[in-house]
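Working notes, structure below.
Heavy-atom basis, side chains included; hydrogens, waters and symmetry copies ignored. Labels below follow one simple rule: chain letters A, B, ... track the order of the sequence lines, proteins then strands, and each chain is numbered from 1.
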Number of protein chains: 2
Amino acid sequence: MSAIKPTNLLNALPGAEPHERFESLLRQPGFHLERILSWGQVTPEGEWYDQVGNEWVLLLAGAARLLIEGQDELALQPGDAVLLPAHCRHRVSWTDPGQATVWLALHFDSEG
Amino acid sequence: MSAIKPTNLLNALPGAEPHERFESLLRQPGFHLERILSWGQVTPEGEWYDQVGNEWVLLLAGAARLLIEGQDELALQPGDAVLLPAHCRHRVSWTDPGQATVWLALHFDSEG
């Protein structure tokens, strides 16, 4: 077996990019773990995420604001985790334009 | 539906405690997500974790060292993630005694 080495999710972040970057970390039958890098990007005006699966999302670095339909906007700081049930309409209304914002997103099928 | 609110995994950490603290965040049929708080604790001398499931672990804060059987010790810093396959014998050989070390651990059944 080759040696197991850590992967760092916060070091050597890229500079500003024109699009969000989605990187798969772990894909399994019932879930998918990904890292998302934002640099000022937001969900396009008037669009909402309306996902068939559930999502647990953790802000690892940077700063963002999340709008969940029918709620006040949430300001997220590192360490903030939010559970978004399937079909909970939401959009990213702001990410810090001055630094990379790093998200960890766990998408999963069932609430068990 | 009641409002969805973030939970912060890094704020308001407890002070030093005599034992590690394991907190379940999300338990689903195929996986279990938990936060682990360490404050200087290590796996007891001579003991190893030998788990029937896989574990993906991410150091969120603090500092730790992980020993995987047959490898050199790994020094972990915030952002470091390690995938430990089932039955990969490992032990936590050091956690910083001067601050809380916060782990995010995703235990899952299958490698797909």
Side-chain angles (χ1 to χ4, degrees), chain A residues 1-13 23-33 35 53-61 64-85 87-90 100 102 104 106-112, chain B residues 1-13 23 25-35 53-61 64-85 87-90 100 102 104 106-112:
Chain A
M1 191 172 73
S2 60
I4 294 171
K5 289 185 181 159
T7 303
N8 194 285
L9 303 183
L10 296 173
N11 290 350
L13 296 175
E23 295 172 336
S24 185
L25 299 173
L26 199 56
R27 190 181 286 278
Q28 292 290 317
F31 70 86
H32 179 211
L33 185 68
R35 182 176 77 153
N54 309 288
E55 180 177 2
W56 181 87
V57 66
L58 169 63
L59 198 84
L60 291 177
R65 289 199 289 267
L66 181 70
L67 186 60
I68 296 171
E69 196 176 42
Q71 288 194 200
D72 292 337
E73 193 175 47
L74 297 174
L76 301 181
Q77 57 175 298
D80 275 337
V82 182
L83 179 61
L84 299 163
H87 298 298
C88 167
R89 281 160 60 93
H90 62 280
V102 185
L104 184 73
L106 178 63
H107 301 274
F108 60 100
D109 292 339
S110 157
E111 288 199 287
Chain B
M1 191 172 72
S2 60
I4 294 171
K5 288 184 181 159
T7 303
N8 193 285
L9 304 184
L10 297 173
N11 290 349
L13 296 176
E23 296 172 336
L25 298 173
L26 200 56
R27 188 182 287 278
Q28 292 291 317
F31 70 85
H32 179 212
L33 185 68
E34 65 179 358
R35 182 176 77 152
N54 309 289
E55 179 176 2
W56 181 88
V57 67
L58 169 63
L59 197 85
L60 291 176
R65 289 200 289 268
L66 182 69
L67 186 61
I68 296 172
E69 196 176 41
Q71 289 194 201
D72 291 338
E73 193 175 48
L74 298 173
L76 301 181
Q77 57 177 297
D80 276 337
V82 182
L83 179 61
L84 299 162
H87 298 299
C88 167
R89 283 160 58 95
H90 62 282
V102 185
L104 185 72
L106 178 64
H107 302 272
F108 60 101
D109 292 341
S110 158
E111 288 198 287

If you take all heavy atoms of B:P85 and A:I4, which pair is closest and at what distance?
->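 In this case the closest contact between B:P85 and A:I4 is CD-CD1, 3.8 Å.
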Determine, stepwise, if the pair A:L106 / B:L106 fulfils side-chain contact (heavy atoms from CB on, under 4.5 Å).
-> CA-CA 10 Å; A:L106 178 63; B:L106 178 64; 4.2 Å; yes
Please test B:L58 against A:L60 for side-chain contact (heavy atoms from CB on, under 4.5 Å), starting from the C-alpha separation and ending with a verdict.
-> CA-CA 11 Å; B:L58 169 63; A:L60 291 177; 4.0 Å; yes
Kindly say whether A:F108 contributes a backbone atom to a donor-acceptor pair with the side chain of B:Q28 at under 3.5 angstrom?
-> no
A:L33, A:T7, A:V82: which one forms the most heavy-atom pairs within less than 4.5 Å of chain B?
->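 Highest number of heavy-atom pairs under 4.5 Å: A:T7.
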Would you give the length of the straight line joining atom NZ of B:K5 to atom CG of A:L74, rounded to the nearest 0.5 angstrom?
->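 Output value for this atom pair is 9.5 Å.
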Kindly determine whether A:L104 and B:L104 satisfy side-chain contact (heavy atoms from CB on, under 4.5 Å), including the steps that lead there.
-> CA-CA 11 Å; A:L104 184 73; B:L104 185 72; 3.6 Å; yes
Under 4.5 Å from any heavy atom of chain B - which part of A:N11 | side chain
Please look at A:L66 and chain B and tell me whether the side chain, the backbone, both or neither of the residue comes under 4.5 angstrom of a heavy atom of that chain.
->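 Contact with chain B is absent: no heavy atom of A:L66 under 4.5 Å.
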Side chain, backbone, both or neither: which part of B:L76 has an atom under 4.5 Å from a heavy atom of chain A?
->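 It is the side chain, since no backbone atom gets that close.
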